[in-house]
**Q** 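Attaching a single structure in structure tokens format; questions to follow.
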There are 2 protein chains.
Amino acid sequence: MQPALTLLSALAEPTRLAAVRLLWDGREHCVCELVRVLGVTQSRMSRHMAVLKQAGVVVDRRDAQWVRYRRNPELPAEQAAIIDAVLNSLNTSSDRRAA
Amino acid sequence: MQPALTLLSALAEPTRLAAVRLLWDGREHCVCELVRVLGVTQSRMSRHMAVLKQAGVVVDRRDAQWVRYRRNPELPAEQAAIIDAVLNSLNTSSDRRAA
DNA sequence: CACGCATATGCGCATGAGCGTAAATAGATC
DNA sequence: GATCTATTTACGCTCATGCGCATATGCGTG
């Protein structure tokens, strides 16, 4: 699949988009934190993160018991621009409530 | 659903994304033209355009036997920015072949 | 009104995606 | 090694979505 389509599919899901928004603070977040903040089950969160990882949006790192996810620093600029535009629309448009 | 998610879902489909790319030349295109150019069945094209229309990406206009679709001029700037970023990534990244 | 072209829609099917539950894996600590 | 926490994965279910085919609808022309 085209990278752009893979990226769009990965983002077109509420939990994943929310996770991306959290991870876009540039810091690392473990799955358990995302689970707590987003209020989803642990297994669901794990799978969603796997989708984002496969799409190249995030990278993970083992740290003791935890797996830390963060924004993929290797993300191509054109794809980063898409994500930035999406996140910007979340902060700007009428769906601000979801912040 | 949040506007951003609706938009992402609408774009995350090959035929629809290709249609958006065509319509983003600013001109009107009838369904029959999209069918010919994109090589999909008529009913499929009609349904895909309905999805794009519902997402607010495009608008349509009856013109005799034809229905002319074009970019929605009322599209909010934040959403237009998303589409621009996506189309830009298509022209820039390794999936240029799909042009 | 019959006919033809353009478009939309109803229907049934196949596939994919998200979900919860439960079990497996991994690492830390005792 | 037993146990606890964190994470992933296997399984089965349900629902959404894309598809083809056939049919309806809309519009122009004769």
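Each chain gets a letter, A, B and so on, in the order its sequence line appears, and its residues count up from 1.
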**Q** If the cut-off is 4.0 Å, is A:Arg44 near the phosphate of C:dG18, judged by side-chain N/O to OP1 or OP2?
**A** no

**Q** Which listed nucleotide (D:dT7, C:dA28, C:dC5) is nearest to the side chain of A:Gln65?
**A** C:dA28

**Q** Side chain of B:Gln42, base of C:dA8: donor and acceptor closer than 3.5 Å?
**A** yes

**Q** Taking NE2 from B:His29 and P from C:dA6, how many angstroms apart are they, rounded to a whole number?
**A** 17 Å

**Q** Does B:Leu75 reach the side chain of B:Val58, with side-chain heavy atoms less than 4.5 Å apart?
**A** no

**Q** Without decimals, in angstroms, what is the distance between A:Arg68 CZ and D:dT5 P?
**A** 17 Å

**Q** Could you tell me whether the side chain of A:Leu11 reaches within less than 4.5 Å of the side chain of B:Leu5, counting heavy atoms only?
**A** no

**Q** Figure out the CD/P separation between A:Glu33 and D:dA6, and round it to whole Å.
**A** 12 Å

**Q** Within a strict 4.5 Å, meaning less than it, do heavy atoms of the B:His29 and B:Arg27 side chains meet?
**A** yes

**Q** Select from B:Cys32 and A:Asp63 the residue whose nearest nucleotide in DNA chain C is closer to the 5' end of that strand.
**A** B:Cys32

**Q** Return the value, rounded to whole Å, for the distance between atom CG of B:Asp60 and atom C1' of D:dG26.
**A** 13 Å

**Q** In whole angstrom, give the distance that lies between atom CH2 of A:Trp66 and atom P of C:dA28.
**A** 9 Å

**Q** Send over the distance from A:Leu8 CG to C:dA17 C1', rounded to a whole Å.
**A** 17 Å

**Q** Is the shortest heavy-atom distance from the side chain of B:Leu52 to the side chain of B:Tyr69 under 4.5 Å?
**A** no

**Q** Side chain of A:His48 only, heavy atoms from C-beta on: which candidate in C:dC19, D:dT8, D:dT7 is closest?
**A** C:dC19

**Q** Below the 4.0 Å mark, does C:dA8 have OP1 or OP2 next to a side-chain nitrogen or oxygen of B:Ser43?
**A** no

**Q** Among C:dT7, D:dG20, C:dG20, find the nucleotide with the atom closest to the side chain of B:Val31.
**A** C:dT7

**Q** If only side-chain N and O atoms of B:Ser46 are considered, is one of them under 4.0 Å from the OP1 or OP2 phosphate oxygen of C:dT7?
**A** no

**Q** 5'-most contact on DNA chain C: A:Arg16 or A:Ala64, nearest heavy atom basis?
**A** A:Arg16

**Q** Would you say D:dA6 has OP1 or OP2 under 4.0 Å from some side-chain N or O of A:Tyr69?
**A** no

**Q** Which whole-number value in Å describes the distance from B:Met45 CE to D:dC19 P?
**A** 10 Å

**Q** Return the value, rounded to whole Å, for the distance between atom CD of A:Glu13 and atom P of C:dG16.
**A** 18 Å

**Q** Rounded to the nearest 0.5 Å, how far apart are CG of A:Leu23 and CD of A:Glu33?
**A** 8.5 Å

**Q** By nearest nucleotide on DNA chain D, pick out whichever of A:Arg47 and A:Arg62 is the more 5' one.
**A** A:Arg62

